[in-house]
Amino acid sequence: MAAKSSAWRNPSYLESSTGIFFFFCAWGIWWSFYSPWLINGLGMTNTQVGNIYSINSVGTLIIMFVYGVIQDELGVKRRLAIFIAAIAALVGPFVQFIYAPLMHSNLILGAVLGSIVLSAGFMSGCSLIEAITERYSRKFGFEYGQSRAWGSFGYAIVALIAGFTFNINPMINFWLGSAFGACMLLVYAFWIPDEQREEIKRESTPEGEKSQPSLRDMIHVLGMPALWLLIVFVIFTNTFYTVFDQQMFPNYYANLFPTPEQGHEVYGILNSIQVFLESAMMGVVPIIMRKIGVRNSLLLGATVMFARIGLCGFFHDPVMVSVVKLFHSIEVPLFSLPAFRYFTLHFNPKLSATLYMVGFQIASQVGQVAMSTPLGMLHDRAGDQVTFYTISLVVLAALIYGIFVLKRDDQQVDGDPFIRDSQKSAVTQG
């Protein structure tokens, strides 16, 4: 791995950060209001929305696994990133002329087709773009968290305007997504720093050290009990965070205001503030990890999640719910960054893309397939408070489970070791 240098002088950092910035702009401009669009624009119930999310999750977990395997074979090549960018650039016309009409005329067919296109371009695409960026950070000497922060920054910018454009016409958001997707396509197709060209050539030579894993490597890792213990933890934490935030919270928050339109505008602003803070926390969490370790950072993220979802059921005024929503800015970095580092610490780093897809993202999607519809039905029948408390208690149970099953940072170190600041000081003094 190249030595860490000034980020602004690192061409791969600049390229990766720009690419992930435009990806999150292309996704966030419509994704933050996807659930309100299904309910208010297409007239669906919470149960139907749960069904849509379940179908989307099925498509996502299948495509995500394929993406992970292919990207680990590609190494640092970015063919899949270009493919994802091309889909993102077409999201506006796809939703306007194909997806929305089909959802009115044939809901099942529309949902299945949407799960393929939207998952390939965005839900699965997000994990793939993150995995590529993390791989580049290790190959070309920059902090993954600093680059990933630009993704959050992009999401924050578009979230600021998404509520206003949604009230004008929801389709505007999808077409803006296409514009950002086109920018992303230009980055990944044409901006190739010299160091990346050299690495691609090196990996292509017979004598070069291969970064690609073998099938035997993959089968060996997928047979490790430690991975499946982690998958259970992810299913009962990140799954419920996703269902709560994407499927339930936007409309719950909008209904706290005199009119849904006002709620959508305020939600867009709040979402933007939250993601701006999340972007800043992407730079802070690596410092936290160096202080308390990878495992403890993951557990801290689950603790914040438990508190945030439960408090949303406890408070019912928009001011306090807005304050609680901002906890999200701490929670997301505390899950995504330690999760990546957990995989590269305890498993073969060559398999980082596949492991992140399978162990973190696919596990979440499996949970969504199983839980989106039942939680949607519970939401329809029992209301917000009971549903939120139920989700919060499940996360608490997963947190207790994680305390016992997550590996300490000095256990089963089959990848890159992680050394805390305190350990570095001890070695220096010794």
Between Tyr252 and Phe388, is the ring centre distance below 6.0 Å?
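Close enough - the centres of the two rings lie under 6.0 Å apart.
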Is there a donor-acceptor contact under 3.5 Å from the side chain of [X] to the main chain of [Y]?
X	Y	result
Ser178	Gly92	yes
Ser147	Glu143	no
Asn10	Phe140	yes
Tyr144	Arg135	no
Ser329	Leu277	no
Thr165	Ile172	no
Arg295	Ile403	yes
Ser392	Tyr389	no
Ser124	Ala120	no
Asn106	Leu102	no

Can you check side-chain hydrogen bond (donor to acceptor under 3.5 Å, both in side chains) on Asp380 and Thr47, steps first, answer last?
CA-CA 7 Å; Asp380 278 333; Thr47 301; 2.5 Å; yes
Evaluate ring-ring contact (aromatic ring centres under 6.0 Å, His included) for Phe142 paired with Tyr136, printing each intermediate quantity in order.
CA-CA 8 Å; Phe142 61 87; Tyr136 280 17; 7.7 Å; no
Identify the heavy atoms of [X] and [Y] that sit nearest to each other, and give their distance.
X	Y	answer
Ser119	Thr60	OG-OG1, 2.7 Å
Ala81	Ile132	CB-CD1, 3.9 Å
Thr237	Met305	O-SD, 3.3 Å
Ile98	Leu113	CG2-CD2, 3.6 Å
Leu399	Ala302	CD1-CB, 3.9 Å
Ser297	Pro338	CB-CG, 3.6 Å

Is there a side-chain contact between [X] and [Y] (heavy atoms, below 4.5 Å)?
X	Y	answer
Leu406	Leu230	yes
Phe33	Leu38	no
Pro286	Leu337	yes
Leu229	Tyr401	yes
His316	Gln385	yes
Ile29	Phe24	no
Tyr67	Ile84	yes
Phe122	Val117	no

Any chance you could lay out the side-chain hydrogen bond (donor to acceptor under 3.5 Å, both in side chains) test for Asn173 and Tyr34, step after step, and finish with the verdict?
CA-CA 10 Å; Asn173 293 15; Tyr34 181 62; over 6 Å; no
Does the pair Trp30 and Phe166 meet the rule for a ring-ring contact (aromatic ring centres under 6.0 Å, His included), with working shown?
CA-CA 9 Å; Trp30 64 268; Phe166 181 85; over 10 Å; no
Nearest 0.5 Å, what's the [atom1]-[atom2] distance between [X] and [Y]?
X	Y	atom1	atom2	answer
Ile129	Cys126	CD1	SG	8.5 Å
His328	Cys312	NE2	SG	10.5 Å
Leu334	Met289	CG	CE	9.0 Å
Leu378	Asp384	CG	CG	10.5 Å
Tyr188	Phe83	OH	CZ	15.0 Å
Ile287	Met281	CD1	CE	9.5 Å

Go through Val232 and Trp228 one step at a time and tell me if the side-chain contact (heavy atoms from CB on, under 4.5 Å) criterion holds.
CA-CA 6 Å; Val232 173; Trp228 295 102; 5.9 Å; no
So, are Asp245 and Arg308 salt-bridged, with charged N and O less than 4.0 Å apart?
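Between Arg308 and Asp245 there is a salt bridge, with a charged N closer than 4.0 Å to a carboxylate O.
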Got a salt bridge between Glu15 and Arg78, using NZ or NE/NH1/NH2 to carboxylate O under 4.0 Å?
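Looking at Arg78 together with Glu15, the answer is yes, because their closest N to O distance falls below 4.0 Å.
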With a 3.5 Å cut-off and sequence neighbours excluded, list the donor-acceptor pairs that the side chains of residues 149-161 form with protein atoms.
residue, atom, partner, partner atom, Å
Trp150, NE1, Tyr13, OH, 2.9
Ser152, OG, Arg148, NH1, 2.9
Ser152, OG, Glu278, OE2, 2.9

Look at the aromatic rings of Trp37 and Tyr99 and report parallel, tilted or perpendicular, splitting at 30° and 60°.
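Ring orientation of Trp37 relative to Tyr99: tilted.
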Check the side chains of Asn251 and Tyr267 for a donor-acceptor pair under 3.5 angstrom, ignoring hydrogens and angles.
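No donor-acceptor contact under 3.5 Å links the two side chains.
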If you apply the rule side-chain contact (heavy atoms from CB on, under 4.5 Å), what do you find for Trp27 with Ser32, and how did you get there?
CA-CA 8 Å; Trp27 190 24; Ser32 54; over 6 Å; no
Answer yes or no: does atom CZ of Phe315 have more than 12 heavy-atom neighbours from other residues, nucleotides or ligands under 6.0 Å?
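For Phe315, atom CZ is crowded (more than 12 foreign heavy atoms under 6.0 Å).
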Worked verdict on Met44 versus Leu107 for side-chain contact (heavy atoms from CB on, under 4.5 Å):
CA-CA 10 Å; Met44 294 185 180; Leu107 181 60; 3.3 Å; yes
Give the intermediate values and the outcome of side-chain contact (heavy atoms from CB on, under 4.5 Å) for residues Val49 and Ser35.
CA-CA 7 Å; Val49 170; Ser35 176; 4.2 Å; yes
Phe249 six-ring centre to Lys325 NZ/CZ under 6.0 Å and within 45° of normal:
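Yes, Lys325 sits over the ring of Phe249.
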How would you list, by chain and number, every residue that makes a side-chain hydrogen bond (donor to acceptor under 3.5 Å, both in side chains) with Trp175, sequence neighbours excluded?
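Only Gln96 meet the side-chain hydrogen bond (donor to acceptor under 3.5 Å, both in side chains) criterion with Trp175.
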